[in-house]
Protein chains: 2
Amino acid sequence: MAKKKHELTEAEWAIVKAVWDNEPCAAPTVQEVLEKQKGWAYSTVKTMMDRMVSKGLLKTERIRNLILYRSDVTKKEAQKGEVMRAVKRAFDGALTPMMQFMLDSGELSKKQLGELESMIKNRKAKAKK
Amino acid sequence: MAKKKHELTEAEWAIVKAVWDNEPCAAPTVQEVLEKQKGWAYSTVKTMMDRMVSKGLLKTERIRNLILYRSDVTKKEAQKGEVMRAVKRAFDGALTPMMQFMLDSGELSKKQLGELESMIKNRKAKAKK
DNA sequence: TTGCAATCTCTACAAATGTAGAGTAGTCTC
DNA sequence: GAGACTACTCTACATTTGTAGAGATTGCAA
């Protein structure tokens, strides 16, 4: 089975995050969360969730007439899909130039840079093995 | 004037890259590039390019009946738009977790890690000032 | 049993995005 | 001038994504 591509739309992100935070949960639960964040109506949310089921992003379990939703894409999978899409589009698939771009953005504090440096050292040590 | 948000669609990326590589250029030039890459017909490309003009991503200059296109978004602006969209969607707007995620991806060689480490040190030194 | 709340289903529409063919217009060469 | 070539214009359609109201169904409490 081919590796599934997880490239979520803006609305799908909002929904899957709400599901991650509440799963297993019913559609009205997700709708309440997104009513506050986006002002979405129940039928909006339900429609999109059912589409996400069709797309393999969510899965359902029926208990009597209640439908419980669970995510079928992990947070890491979704994040990877988003990151790799950005890398592919904006940096022709090259991870390092994108990291350099982010470092050059000037939005990282000295502390954050220090943390990243430590992480890189750890990474290098492991890569040495 | 508010800062424009540059979040390009998949097709827009393909087109703007071709324009960057050839500007100023006419639509048929872009189409030839994308015919090879995507199999797109002239009218497909022209339509999308004109929509991009409406969206402020490209601009035109008419010389007799020939229309020359130029990008109205720089590579850096477009890259920033893509990166920040990914950060916002997948990491709730936090740059550092995304960089950590990328470091954890295991796709960087020891050499690349070393280069990044050097860059971070430079960045830290500058941030100290 | 009835009424109400909760949830689901059905259906619809709009905008954005992707895709393209047919027709028109201008220029250049013969 | 005619024809060929190049580029533009006009128009259309499909899919995807976003958005939602109205109606139907089920379960529980009174």
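In what follows, chains are A, B, ... by sequence order, proteins preceding strands, each numbered from 1. All heavy atoms count here, side chains included; hydrogens, waters and symmetry mates do not. Computed from a prediction, not measured in an experiment: that's the story for all the values here.
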For [N], take OP1 and OP2 only and decide whether either is under 4.0 Å from a side-chain N or O of [X].
{"X": "B:Lys46", "N": "D:dT9", "value": "yes"}
{"X": "B:Arg62", "N": "D:dT9", "value": "yes"}
{"X": "A:Tyr42", "N": "C:dC8", "value": "yes"}
{"X": "B:Lys55", "N": "C:dT17", "value": "yes"}
{"X": "B:Thr47", "N": "C:dA20", "value": "no"}

Could [X] and [Y] be called an ion pair, given the rule that one side-chain N must be under 4.0 Å from one carboxylate O?
{"X": "B:Lys59", "Y": "B:Glu23", "answer": "no"}
{"X": "A:Glu82", "Y": "A:Arg85", "answer": "yes"}
{"X": "A:Lys55", "Y": "A:Glu12", "answer": "yes"}

Take the protein atom [atom1] of [X] and the nucleotide atom [atom2] of [N], then report the distance between them rounded to whole Å.
{"X": "A:Ile63", "N": "C:dC8", "atom1": "CD1", "atom2": "P", "answer": "11 Å"}
{"X": "A:Ile15", "N": "D:dG18", "atom1": "CD1", "atom2": "C1'", "answer": "10 Å"}
{"X": "B:Glu10", "N": "C:dA16", "atom1": "CD", "atom2": "C1'", "answer": "15 Å"}
{"X": "B:Leu66", "N": "C:dC28", "atom1": "CG", "atom2": "P", "answer": "12 Å"}
{"X": "B:Trp40", "N": "C:dT17", "atom1": "CH2", "atom2": "P", "answer": "13 Å"}
{"X": "A:Met49", "N": "D:dT17", "atom1": "CE", "atom2": "P", "answer": "17 Å"}
{"X": "A:Asn65", "N": "C:dA6", "atom1": "CG", "atom2": "P", "answer": "14 Å"}
{"X": "A:Gln31", "N": "D:dA20", "atom1": "CD", "atom2": "P", "answer": "10 Å"}

- request: Check whether any side-chain N or O of B:Ser109 sits under 3.5 Å from a backbone N or O of B:Gln112 as a donor-acceptor pair, and report yes or no.
  value: yes

- request: Indicate, with a heavy-atom threshold strictly under 4.0 Å, whether A:Ser43 touches base, sugar-phosphate, or nothing.
  value: base

message: If you define the side chain from C-beta out and look only at heavy atoms, does anything of A:Thr74 sit under 4.5 Å from A:Gln79?
response: no

message: Given B:Tyr69, which partner from the list B:Asp50, B:Asn22, B:Thr29 fulfils the side chain to side chain donor-acceptor pair (under 3.5 Å) test?
response: B:Asp50

message: The side chain of A:Thr9 is closest to which nucleotide in this list: D:dG18, C:dC8, C:dT19?
response: D:dG18

- prompt: Mapping B:Glu32 and A:Val45 to their closest nucleotides on DNA chain D, which lands nearer the 5' end?
  reply: B:Glu32

message: For a quick test of reading the model, state the closest non-hydrogen atom pair linking A:Ile120 to B:Leu113 and the distance between them.
response: CG2-O, 3.4 Å

- line: Contact check, residues 18-30 of chain B vs DNA chain D, heavy-atom distance under 4.0 Å, returns B:Ala27, B:Pro28

message: For a quick check, tell me whether the side chain of B:Thr44 and the base of C:dG18 share a donor-acceptor pair closer than 3.5 Å.
response: no

